[in-house]
Amino acid sequence: MVSANEILLDFCPMFRVFKCGRIERLLGKDFVPASVDLATGVRSKDVTINARHGVSARLYVPKSVDPDHKLPLLIYFHGGGFVVESAFSLAYHTHLNKLVAEANVIAVSVDYRRAPEHPLPIAYEDSWEAVKWAASHSSKNGQEPWLNDYADFQSVFFAGDSAGANISHNLALRVGLENPDGFNLDGIVLVHPYFWGKEAVGGEPVEPESRAFADTMWLYTCPGSNGPDDPLINPGSDPRISSLGCKKVLIFVAEQDFLKHRGVYYKELLEKSGYGGKIEIVETKNENHIFHLFNPTTDNAASLVKSFASFMNRGK
C-alpha cells in the first residue's frame with residue numbers, strides 16, 4: 001500500500017509530487033482580492049474569459065485615465081514553472097500594481113490553467129485565448145469597458161517572468177506566424193525566462209545529475225513533449241524563431257540565476273536568426289531568479305520595474 005506521504009518527485013521549493021498522486025504546491029497558494037491600491041492608486045478587477053475552462057484575468061488601470069488618451073496595453077503571464085502561483089497571488093498583485101503605476105499602462109494579468117492537472121500545452125492555449133479576448137475589444141465594443149475605453153491596441157506588449165516569459169516568447173512567435181487581427185504587438189519583456197535544452201549553453205553545468213531537475217520538471221509538466229529540446233522550451237531548436245511578431249525585445253537576467261545563460265543565449269539566437277527587431281538585455285548583479293517578486297521593495301527591484309516601464313514607453 002502506498003503511503004500518502006511518500007514523495008515521488010521533489011521540485012522544492014515550488015512543489016512536490018507524492019506517490020499517491022497528490023500534488024503539494026509550496027508557493028503562490030494565497031489569493032489577494034482585487035482592489036484600489038493605496039500606495040499607487042491603481043485599480044484592479046477580476047474578469048472571466050472562459051468559464052468552462054476556468055480561464056480568467058485581473059485587469060489593472062492607473063490612477064488617472066482618460067478615454068481621449070489611450071494607454072499601452074500590457075498582457076502579463078505569471079511564472080511558477082507552469083505549476084504554482086496565479087494572477088491573484090500577493091507577489092503578482094504587488095508587482096502589477098507597481099508596474100502599471102510606473103509605466104502608466106493598462107494591464108491584463110492572465111490566469112491560465114496549470115500543470116499537472118492541465119498538462120502543457122494547455123497553458124499556452126489558455127494564454128492565447130486571453131490574448132484574443134483582449135484583442136476583441138479593439139473595436140471598442142467588447143465586454144470590458146476598461147479595455148474599450150482606455151487601451152491602445154496599436155501598442156500592445158506581452159510580458160512575464162520565468163514560465164510566463166516562456167509563454168510570452170511562444171505567443172509572440174505565434175503572432176508573427178499567424179498575423180492575427182485586432183492589435184499590434186510592439187514588444188515583449190522576458191524576465192528571467194524559463195528556457196532549457198538538452199545541451200548546456202554558456203556557463204551551465206554539463207553533468208547529467210546537475211541538469212536532471214530541469215529535464216524532469218519539463219517532462220512532468222509537458223508529458224507529450226519529446227524532451228528538453230522541444231521548441232516550446234528550447235527556442236534554439238525552432239527554425240521559425242526569426243518570425244517573432246514584435247518590433248523589440250527586452251530580456252532581464254539575474255547574475256546568480258541558474259537560468260541566466262538561457263536568457264543570454266536567447267539574445268544570441270535572435271541576433272543570428274535574422275530577426276529584424278531591436279534586442280536589449282539587462283543583467284542585475286548579486287540577485288537570483290525572480291528576486292523582484294520575493295523582495296519588491298529593494299533598489300534592484302525598483303530598478304527592474306523602471307527599466308521595464310521605460311521600455312514600454314520609449315518612442316511614445
Side-chain angles (χ1 to χ4, degrees), residues 14 27-28 49 55-60 72-89 91-100 102-103 105-115 120-131 133-134 156-175 183 185-196 218 221-222 232-233 235 244-246 248-254 257 259-260 262-263 266-267 280-282 284 289-294 296 301 304-305 307-309 311-312:
M14 292 189 293
L27 291 175
I49 294 172
V55 183
S56 57
R58 179 160 290 179
L59 307 187
Y60 295 83
L73 175 63
L74 169 64
I75 304 181
Y76 193 92
F77 309 99
H78 71 81
F82 302 102
V83 177
V84 299
E85 293 289 358
S86 78
F88 314 117
S89 63
Y92 287 98
H93 186 63
T94 300
H95 180 54
L96 268 294
N97 277 322
K98 290 177 179 291
L99 188 55
V100 166
E102 181 69 35
V105 297
I106 309 301
V108 176
S109 182
V110 178
D111 199 60
Y112 50 83
R113 288 174 289 175
R114 301 174 301 183
L120 296 174
I122 287 175
Y124 299 106
E125 295 305 320
D126 286 353
S127 298
W128 186 245
E129 182 174 15
V131 167
W133 174 85
V156 175
F157 293 84
F158 295 167
D161 60 278
S162 197
N166 176 302
I167 292 172
S168 298
H169 157 75
N170 279 290
L171 296 198
L173 187 58
R174 190 164 179 174
V175 169
F183 68 98
L185 185 63
D186 262 348
I188 59 173
V189 182
L190 310 186
V191 183
H192 310 161
Y194 172 31
F195 296 133
W196 196 240
W218 171 249
T221 55
C222 191
L232 289 172
I233 191 69
L244 208 63
C246 57
K248 56 184 182 177
V249 177
L250 174 61
I251 308 154
F252 286 99
V253 296
D257 184 4
L259 290 175
K260 166 192 169 180
R262 288 288 156 177
Y266 179 77
K267 177 178 183 288
E280 302 174 43
I281 191 165
V282 175
T284 308
H289 193 63
I290 59 170
F291 70 90
H292 61 295
L293 297 177
F294 293 123
L304 186 151
V305 169
S307 296
F308 194 142
F311 176 79
M312 287 192 285

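Computed over heavy atoms, backbone and side chain alike; hydrogens, waters and symmetry mates excluded.
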Chemist: For H78, does its backbone N or O pair with a side-chain atom of Y112 as donor and acceptor, under 3.5 Å?
Modeler: yes
Chemist: Considering all heavy atoms of both residues, which atom of A107 and which atom of V100 are nearest to each other, and what is their separation?
Modeler: CB-CG2, 3.6 Å
Chemist: For H292 together with H192, are the ring centres under 6.0 Å from each other?
Modeler: yes
Chemist: Run M312 and D186 through side chain to side chain contact (heavy atoms under 4.5 Å, CB included) and show every step you take.
Modeler: CA-CA 8 Å; M312 287 192 285; D186 262 348; over 6 Å; no
Chemist: Is any side-chain heavy atom of L73 closer than 4.5 Å to one of V108?
Modeler: yes
Chemist: Would you indicate whether the side-chain heavy atoms of F183 and V175 approach each other to under 4.5 Å?
Modeler: yes
Chemist: Are side-chain heavy atoms of F291 and D257 found at a separation under 4.5 Å?
Modeler: no
Chemist: How many angstroms lie between OG in S109 and CG in N97, if you round to the nearest 0.5 Å?
Modeler: 10.5 Å
Chemist: Show the nearest heavy-atom pair for residues A159 and S168, with the distance to one decimal.
Modeler: C-OG, 3.1 Å
Chemist: Considering all heavy atoms of both residues, which atom of F88 and which atom of S56 are nearest to each other, and what is their separation?
Modeler: CZ-OG, 3.4 Å
Chemist: Would you say Y194 and H169 are linked by a side-chain donor-acceptor pair, where the criterion is simply a distance under 3.5 Å?
Modeler: no
Chemist: I need the minimum non-hydrogen distance between I188 and F311, along with the two atoms involved.
Modeler: O-CE2, 3.7 Å
Chemist: Hey, could you give me the CG/CG distance between L190 and L250, rounded to the nearest 0.5 Å?
Modeler: 8.0 Å
Chemist: First locate atom CD1 of I167, then atom OH of Y124, and finally report the distance between them rounded to the nearest 0.5 Å.
Modeler: 6.5 Å
Chemist: Quick one: closest heavy-atom pair of A301 and P296, and the distance?
Modeler: CB-O, 3.6 Å
Chemist: Could you walk me through whether L232 and W218 satisfy the side chain to side chain contact (heavy atoms under 4.5 Å, CB included) test, starting with their C-alpha distance in whole Å, then the side-chain angles of each, then the deciding distance to 0.1 Å, before giving a yes or no?
Modeler: CA-CA 10 Å; L232 289 172; W218 171 249; 3.9 Å; yes
Chemist: Mind checking the CG-CZ spacing from N166 to R262? Nearest 0.5 Å is all I need.
Modeler: 12.0 Å
Chemist: Angle between ring planes, Y60 versus H93, binned at 30° and 60°: parallel, tilted or perpendicular?
Modeler: tilted
Chemist: Please check this pair: side chain of D126 against backbone of R113, looking for a donor-acceptor N/O pair closer than 3.5 Å.
Modeler: yes
Chemist: Calculate, to the nearest 0.5 Å, the distance between atoms CG and CD belonging to L171 and E125 respectively.
Modeler: 8.5 Å
Chemist: Between V253 and K260, which heavy-atom pair has the shortest distance, and what is it?
Modeler: CG1-O, 3.8 Å
Chemist: What distance separates L27 CG from F294 CZ, expressed to the nearest 0.5 Å?
Modeler: 5.5 Å
Chemist: Would you please name every residue forming a ring pair (Phe, Tyr, Trp, His ring centres under 6.0 Å) with F252, sequence neighbours left out?
Modeler: none
Chemist: Test Y76 against V189 for side chain to side chain contact (heavy atoms under 4.5 Å, CB included), laying out the working first.
Modeler: CA-CA 9 Å; Y76 193 92; V189 182; over 6 Å; no
Chemist: Please answer whether the main-chain N or O of S86 pairs with a side-chain N or O of S89 as donor and acceptor at a distance below 3.5 Å.
Modeler: yes
Chemist: Would I106 and L59 satisfy side chain to side chain contact (heavy atoms under 4.5 Å, CB included), going step by step from the backbone distance to the final call?
Modeler: CA-CA 8 Å; I106 309 301; L59 307 187; over 6 Å; no
Chemist: Which label fits F158 and F77: parallel for a plane angle under 30°, tilted from 30 to 60°, or perpendicular past 60°?
Modeler: perpendicular
